[in-house]
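For reference, the structure discussed in these notes is given below.
If you read the sequence from its start, that first residue is 1, and numbering goes on from there. Computed from a predicted structure; not experimentally measured. Values below: all heavy atoms of this structure, side chains included; hydrogens, waters and symmetry mates excluded.
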Amino acid sequence: MKKIFLESHHINNLNFGFGQFNYHLLKSLAHSNDHSFEMHMYCTYTKKYETEFNNFYKIKKYYSFHRYKISRIKKKFDLWHSMNQNSKIEPFYNTPYLLTIHNISHIKDVRNYKNLPNHISFQNKINKSNAIVYISGYAKQSTHQYFEVPDIPEYIVYNGNTIEKIEIPENYRLEITKDKPYFFTIGEITERKNFISIVKMMSFFPEYNLIIAGKNTTSEAVKLKEYIKKNNLKNVFLIGKISELDKQFLYNNSLGLLFPSLREGFGLPIIEAMSFGKPCFLSNNTCLPEIGGNLSFYWDNYDSEYMANIVKKGLNTHNNNPNMKDLLIQRSNEFSWENTANSYLKIYKSII
């Protein structure tokens with residue numbers, strides 16, 4: 001039987017997009033019950049995933065020293081799937097290689113990027129690939145813009161919706177939501193998420209709160225907290241990492257999603273918010289219009305008053321259209337991990 005290795009060590013951190021991608025794709029591949037291949041995967045907590053994935057995979061325990069060439073896995077595989085573009089874990093042998101590209105977010109200086117170590121490393125991954133999967137059309141377009149892509153098969157396979165089933169206990173409440181209606185957003189607080197723009201915008205919404213979930217110990221989060229304190233913004237809350245239940249509750253009871261990101265490969269919170277029929281207010285750049293479609297509302301710039309007006313008009317449009325909630329839920333259902341897994345299985349078979 002042909003052997004496939006899924007380089008999946010980012011599954012160890014489910015608070016990040018790569019970890020979520022790894023977890024949901026691996027879970028859906030296991031649920032497919034397709035035994036065409038002998039599947040191998042990488043993780044730290046082997047017993048946990050042996051149980052959760054019903055022993056579908058042969059699991060290799062991940063250690064950080066595996067990133068060094070001398071310590072690479074010396075077992076031969078018929079296909080190596082690098083699920084995360086930034087991984088330093090590579091095959092020991094010259095193995096057929098599939099690369100998933102999520103986003104091109106590290107290009108800061110478009111004039112002087114080609115000699116940077118992370119660019120060279122990424123170009124080397126592309127050079128040895130037998131096929132590439134992009135998680136959006138924008139991810140493909142931006143890869144071709146900044147890298148030399150060989151003449152190999154290329155595919156666009158959208159991620160699925162991580163919220164597969166809405167399960168919120170009837171009496172469940174969060175204290176932070178009791179004060180007033182609120183907007184919600186989620187993501188690690190970094191420069192590219194551009195959360196500062198919506199924090200500034202909240203001065204035009206004293207009647208509402210803004211709740212930002214996600215890692216809030218970054219340098220950008222420190223700046224954001226300083227701005228909130230300096231400007232005495234009492235209606236903005238950085239609540240850090242949250243559980244799946246809290247995430248569902250916050251989406252379900254929000255006025256809508258505010259997502260002003262400057263650079264995204266996919267934009268998973270859009271699909272998650274749509275699962276609850278919530279309006280999405282997005283930056284009009286990178287992949288976000290591709291995922292948000294014509295059901296979302298877009299900012300063309302980040303002037304605070306302009307952004308607030310877009311939100312006000314969008315809320316009015318959403319609230320006065322009785323079909324909008326159902327249309328948003330229908331769109332979210334178009335993104336399923338079952339479809340994603342089936343697409344990857346077809347790609348594996350085409351390569352092998």
Side-chain angles (χ1 to χ4, degrees), residues 105 174 176-240 242 247 249-264 267-274 276-289 291-321 324 328:
S105 61
L174 286 175
I176 197 171
T177 65
K178 293 180 180 179
D179 179 26
K180 59 179 72 170
Y182 64 91
F183 298 108
F184 180 57
T185 195
I186 186 168
E188 182 180 7
I189 301 176
T190 60
E191 175 272 335
R192 75 179 176 92
K193 293 297 184 182
N194 193 27
F195 288 146
I196 184 64
S197 67
I198 54 175
V199 169
K200 291 179 178 179
M201 184 195 73
M202 289 306 294
S203 63
F204 292 92
F205 288 111
E207 73 275 29
Y208 300 143
N209 285 339
L210 169 62
I211 297 176
I212 302 176
K215 185 178 180 182
N216 63 356
T217 56
T218 61
S219 59
E220 187 67 19
V222 172
K223 294 178 186 176
L224 210 54
K225 291 173 184 176
E226 289 174 351
Y227 181 89
I228 292 167
K229 183 178 180 180
K230 180 180 178 181
N231 291 276
N232 198 30
L233 290 175
K234 302 295 187 181
N235 60 341
V236 180
F237 301 90
L238 279 58
I239 62 172
I242 56 175
K247 182 176 76 171
F249 179 88
L250 287 166
Y251 273 127
N252 189 52
N253 292 279
S254 71
L255 294 165
L257 173 74
L258 306 182
F259 203 66
S261 183
L262 301 175
R263 299 182 299 278
E264 290 291 329
L268 184 57
I270 303 169
I271 303 304
E272 292 180 334
M274 286 181 173
F276 297 88
K278 298 298 177 177
C280 298
F281 300 91
L282 316 172
S283 297
N284 193 15
N285 59 38
T286 66
C287 73
L288 301 185
I291 306 304
N294 61 7
L295 295 175
S296 297
F297 306 97
Y298 297 96
W299 296 302
D300 293 320
N301 66 69
Y302 303 106
D303 173 79
S304 298
E305 186 173 4
Y306 159 79
M307 291 179 74
N309 286 333
I310 293 292
V311 172
K312 290 173 183 177
K313 291 176 183 177
L315 286 176
N316 185 60
T317 298
H318 178 85
N319 294 334
N320 287 299
N321 185 342
M324 187 65 82
L328 288 163

[atom1] of [X] to [atom2] of [Y]: how many Å apart, nearest 0.5 Å?
X      : Y      : atom1 : atom2 : result
Ile198 : Thr185 : CD1   : OG1   : 4.5 Å
Ile271 : Cys280 : CD1   : SG    : 8.0 Å
Ile211 : Phe184 : CD1   : CZ    : 7.5 Å
Ser261 : Asn285 : OG    : CG    : 7.0 Å
Thr177 : Tyr182 : OG1   : OH    : 5.5 Å
Met307 : Asp300 : CE    : CG    : 11.0 Å

Are the side chain of [X] and the backbone N or O of [Y] linked by a donor-acceptor pair below 3.5 Å?
X      : Y      : result
Thr218 : Thr190 : no
Lys278 : Leu328 : no
Asn321 : Thr317 : no

Open item on the list: I want to check a possible cation-pi pair here: Lys312 against Phe205, using under 6.0 Å from ring centre and within 45° of the ring axis as the test.
Closed with: yes
TODO: Can you label the angle between the Phe297 ring and the Phe281 ring as parallel, tilted or perpendicular, going by 30° and 60°?
DONE: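 Ring orientation, 0 to 90° scale: parallel.
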Open item on the list: Does the plane of the ring in Phe276 sit parallel, tilted or perpendicular to the ring in Tyr251? Use 30° and 60° as the thresholds.
Closed with: parallel
Open item on the list: Check this for me: does any side-chain nitrogen of one of Arg263 and Glu191 sit under 4.0 Å from a carboxylate oxygen of the other?
Closed with: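 Answer for the salt bridge query: yes.
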Open item on the list: Walk me through whether Ile242 and Ile186 qualify under side chain to side chain contact (heavy atoms under 4.5 Å, CB included).
Closed with: CA-CA 9 Å; Ile242 56 175; Ile186 186 168; 4.1 Å; yes
TODO: Apply salt bridge (charged side-chain N to carboxylate O under 4.0 Å, His left out) to the pair Glu220 and Lys193, showing each step before the final yes or no.
DONE: CA-CA 10 Å; Glu220 187 67 19; Lys193 293 297 184 182; over 6 Å; no
Task: Residue pair Ser283 / Tyr298: nearest heavy atoms and the distance that separates them - done: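 Minimum heavy-atom separation between Ser283 and Tyr298: O-CD2, 3.8 Å.
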TODO: Answer whether the closest heavy-atom distance between the side chains of Leu233 and Leu210 falls below 4.5 Å.
DONE: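 No, side chains not in contact.
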